[in-house]
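Numbers here are sequence positions counted from 1.
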Amino acid sequence: MALDTAERRGLSLAPANTRPVAVAGWAGILGPVLFSVVFLAQDAVRPGGYDPVTEPVSALAAGPTWWLHQLNFVAFGVLTLVFAVGLHVGVRRTRLGWLGPALLFVSGIGLLLGAAFPLAEDASGATYDPGGHFVAGMLFFPTSAVALVALSHRLRSDPRWRSLATYTLAAGAVALAGGVTMVAFVVPDEAPLHAWAGLAQRVLILAVLFPCRVALGARLLREGSTSEQPPHSSI
């Protein structure tokens, strides 16, 4: 009876946990962790006048290890796509619950476009966008933030995920506010905090976006590694 009620109200239960869901959980964990380790290592060893406090992460594409940075973007993008599909499969479905995973999927496409349209370096050593990278960034950062906000509502409907709903909502809201702040006060060349653009971006992804993705990936891994069926909804 509870299940019939849930279906009439536009809710459906996630299918039984399977190994592919666990694989998607690993993708959610490894994506941000691997990306962070690689770009931080590049930050540490890149020669010349490169300054991670000023330069965005994407500026590493204009350095001597550009190929590693491009591979890093591609790997993170593919893992994000897998993770987004896994979340859609592994969390109880609601009427508009597809929106969060769909936006997360779009953020993965943004990473792949970031690899396809990298930043370049001019004769003076300054990085610039030859075309396309700004679009890639707009596909990644806003959708990553809004995806968490949207996903939090779906998590709240599933008892297995409810404990992460508030954290996911908070992380998405902070990331969204941080993104707006960066656009207004950090990213433009004439912005008052432009000299701190690289640091601001790194704080946003390392302290807000990535920890939440890892937490969601860890929960997805746990749920995909058990044979228990998700509980029925009485809503």
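The shortest non-hydrogen separation linking Leu206 to Ser36 is CD2-OG, 3.3 Å. Scanning both residues, Val21 and Gly224, for their nearest heavy atoms gives CG1-CA, 3.9 Å. Nearest heavy-atom pair across His194 and Pro188 is ND1-O, 3.2 Å. Heavy-atom minimum distance, Pro130 versus Ala120: CD-N, 3.9 Å. Nearest heavy-atom pair across Phe117 and Gly132 is CB-C, 3.7 Å.
Taking a 6.0 Å sphere around OH of Tyr128, one finds it holds more than 12 heavy atoms contributed by other residues, nucleotides or ligands. The number of heavy-atom neighbours closer than 6.0 Å to CZ of Phe185, taken from other residues, nucleotides and ligands shown, is 12 or below.
Leu87 has its side chain out of reach of Arg154: every pair of non-hydrogen atoms, C-beta onward, lies at least 4.5 Å apart. Between Gln201 and Val187 there is no side-chain heavy-atom pair separated by less than 4.5 Å. With contacts defined as side-chain heavy-atom distances shorter than 4.5 Å, the pair His69/Pro118 does not qualify. Leu30 has its side chain out of reach of Phe83: every pair of non-hydrogen atoms, C-beta onward, lies at least 4.5 Å apart. Within the 4.5 Å cutoff, side-chain heavy atoms of Leu151 are placed close to those of Leu216. With a 4.5 Å cut-off on side-chain heavy atoms, Leu176 and Val146 count as touching. Side-chain contact check for Phe141 versus Leu204: some heavy-atom pair is nearer than 4.5 Å. With contacts defined as side-chain heavy-atom distances shorter than 4.5 Å, the pair Leu60/Leu68 does not qualify.
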Residues Leu193, Met182; criterion side chain to side chain contact (heavy atoms under 4.5 Å, CB included); working and verdict: CA-CA 9 Å; Leu193 300 177; Met182 287 188 63; over 6 Å; no
Test log, rule side chain to side chain contact (heavy atoms under 4.5 Å, CB included), inputs Thr65 and Arg46: CA-CA 8 Å; Thr65 56; Arg46 177 167 169 172; over 6 Å; no
Verdict with supporting geometry, Leu81 and Leu112, side chain to side chain contact (heavy atoms under 4.5 Å, CB included): CA-CA 10 Å; Leu81 299 182; Leu112 296 177; 4.0 Å; yes
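Proximity of a side-chain donor or acceptor of Gln70 to a complementary backbone N or O of Ala115 within less than 3.5 Å is detected. Checked by atom type and distance alone, the side chain of Asp158 pairs as donor or acceptor with a backbone atom of Arg92 at under 3.5 Å.
Taking CG of Leu104 as the reference point, atom OG1 of Thr143 lies at 8.0 Å (rounded to 0.5 Å). Separation of atoms CG (Leu119) and CZ (Phe134) is listed at 12.0 Å; rounding is to 0.5 Å. A distance of 11.0 Å separates CD1 in Ile29 from CG in Leu79, rounded to the nearest 0.5 Å. Taking CZ from Arg213 and CG from Leu148, the interatomic distance works out to 7.5 Å, rounded to the nearest 0.5 Å. Rounding to the nearest 0.5 angstrom, the gap separating the CG atom in Leu103 from the CG atom in Leu99 is 4.5 Å.
With sequence neighbours excluded, no residue forms a ring-ring contact (aromatic ring centres under 6.0 Å, His included) with Phe140. Remark: Phe35 pairs with Phe39, Phe73, Phe76 by the ring-ring contact (aromatic ring centres under 6.0 Å, His included) rule, at least two apart or across chains.
A side-chain donor from one of Ser58 and His133 sits under 3.5 Å from a side-chain acceptor of the other.
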